[in-house]
Amino acid sequence: MSLLRFLPLRTDRFDKISNLCALYSSKSFDSGKFYRAKFIPEDIWAENKDSKYTGVEEVKDCWHFVERLFPKLRIPEPPKNYSSTGWKAPSETVQNEPYFIERSRNHMLPVYESRVYKDRVLVTQVRKIQGDIWTFEQDLKNYLQEKLGEVESHVNEMCCFVNVKGRHVDEIKEWLYSKGF
C-alpha cells in the first residue's frame with residue numbers, strides 16, 4: 001500500500017514525485033542493479049521553475065571567502081624551538097631509552113591532572129607511553145622521589161598510561177623536556 005495516497009494535498013509536484021516512485025516500484029526498475037532505473041527520468045522540478053528564483057552562477061574569483069569558513073583539515077606545524085607559552089619542541093635526537101612518549105595531536109606532552117576516587121585524590125597522568133612502560137615508571141618515580149620525596153604511582157599497561165598521586169604536572173613535563181620528548 002502506498003503512503004503517498006494519505007497525503008491530503010495533491011499538486012503537480014506531488015504527481016511527479018508519485019510518478020517517480022511508481023517508476024522505481026514498476027518493472028522498469030532493474031532489481032539486479034542496486035537502485036538503478038533502466039532510463040533516467042527528466043528533472044521533476046524543470047517545468048515548475050519560479051520566476052523569482054534565478055539560476056546558479058559560479059563565481060571563481062571569490063572562492064577564498066568560502067574556503068576560510070571550512071574547518072581546518074590538519075593542525076599546523078609547530079614552531080621549531082619554543083613558544084612564549086612555555087611549549088618546547090621535541091629535540092632532534094632523543095636519548096636511547098626503552099620507552100617513548102608520543103605527543104598529542106596538538107603537539108603537546110600528554111601529561112594531565114585529574115581527580116579520582118570520587119574526586120578525593122589528585123592524580124597526574126602520563127599517557128601515550130610506548131615501549132617499556134615499567135622502566136618509564138621506575139625512572140619517573142626515581143626522579144620525583146629525588147625531587148619531592150616519597151611518591152606513589154600506578155601503571156596501566158593495557159591503556160599505556162602511568163598515574164602518579166599528587167599534583168606533579170610541571171615537574172613531569174620538565175623531566176620529559178629534559179629527556180628530549
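No experiment lies behind these values; they were computed from the predicted model shown.
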Salt bridge (charged side-chain N to carboxylate O under 4.0 Å, His left out) assessment of E174 paired with K88: CA-CA 10 Å; E174 176 187 321; K88 293 180 185 174; over 6 Å; no
Side chain proximity check, Y112 to V169, heavy atoms < 4.5 angstrom: no
Closest heavy-atom pair and its distance - W87, H107: NE1-O, 2.5 Å
Going by atom type alone, with no hydrogens or angles, which donor-acceptor pairs under 3.5 Å involve a side-chain atom of residues 121-129 and a protein atom two or more places apart or on another chain?
{"from": "T124", "atom 1": "OG1", "to": "G166", "atom 2": "O", "distance (Å)": "2.7"}
{"from": "T124", "atom 1": "OG1", "to": "H168", "atom 2": "N", "distance (Å)": "2.9"}
{"from": "Q125", "atom 1": "OE1", "to": "R127", "atom 2": "NE", "distance (Å)": "2.6"}
{"from": "Q125", "atom 1": "OE1", "to": "R127", "atom 2": "NH2", "distance (Å)": "3.0"}
{"from": "Q125", "atom 1": "NE2", "to": "N163", "atom 2": "OD1", "distance (Å)": "3.1"}

Any F161 side-chain heavy atom under 4.5 Å of C159 side chain: yes
Qualifying residues under side chain to side chain donor-acceptor pair (under 3.5 Å), relative to N156, sequence neighbours excluded: none
Evaluation steps, salt bridge (charged side-chain N to carboxylate O under 4.0 Å, His left out), between E97 and K179: CA-CA 9 Å; E97 299 285 349; K179 291 275 217 180; 2.9 Å; yes
Steps toward side chain to side chain contact (heavy atoms under 4.5 Å, CB included) verdict (L109, R103): CA-CA 5 Å; L109 283 173; R103 296 266 179 136; 3.6 Å; yes
D132 CG to E157 CD distance, which is reported to the nearest 0.5 Å: 8.5 Å
Distance, nearest 0.5 Å, that separates NZ of K147 from CG of N142: 14.5 Å
Verdict with reasoning, R120 to R115, per side chain to side chain contact (heavy atoms under 4.5 Å, CB included): CA-CA 7 Å; R120 289 185 289 180; R115 291 185 174 268; over 6 Å; no
Same cluster (ILVMFWY, side-chain, under 4.5 Å), W134 and F181: yes
Ring geometry between F136 and Y99 (parallel below 30°, tilted from 30 to 60°, perpendicular above 60°): perpendicular
Atom NZ of K141: over 12 foreign heavy atoms under 6.0 Å: yes
Heavy atoms of other groups near E92 CD, more than 12 under 6.0 Å: no
E152 atom CD, over 12 foreign heavy atoms within 6.0 Å: no
Side chain proximity check, F100 to E102, heavy atoms < 4.5 angstrom: yes
I101 CD1 to I172 CD1 distance, which is reported to the nearest 0.5 Å: 10.0 Å
Gap between atom CG of L144 and atom CH2 of W175 - 0.5 Å precision: 8.0 Å
Minimal non-hydrogen separation, E171 against L148, with atom names: OE2-CD2, 4.4 Å
Any E113 side-chain heavy atom under 4.5 Å of R167 side chain: yes
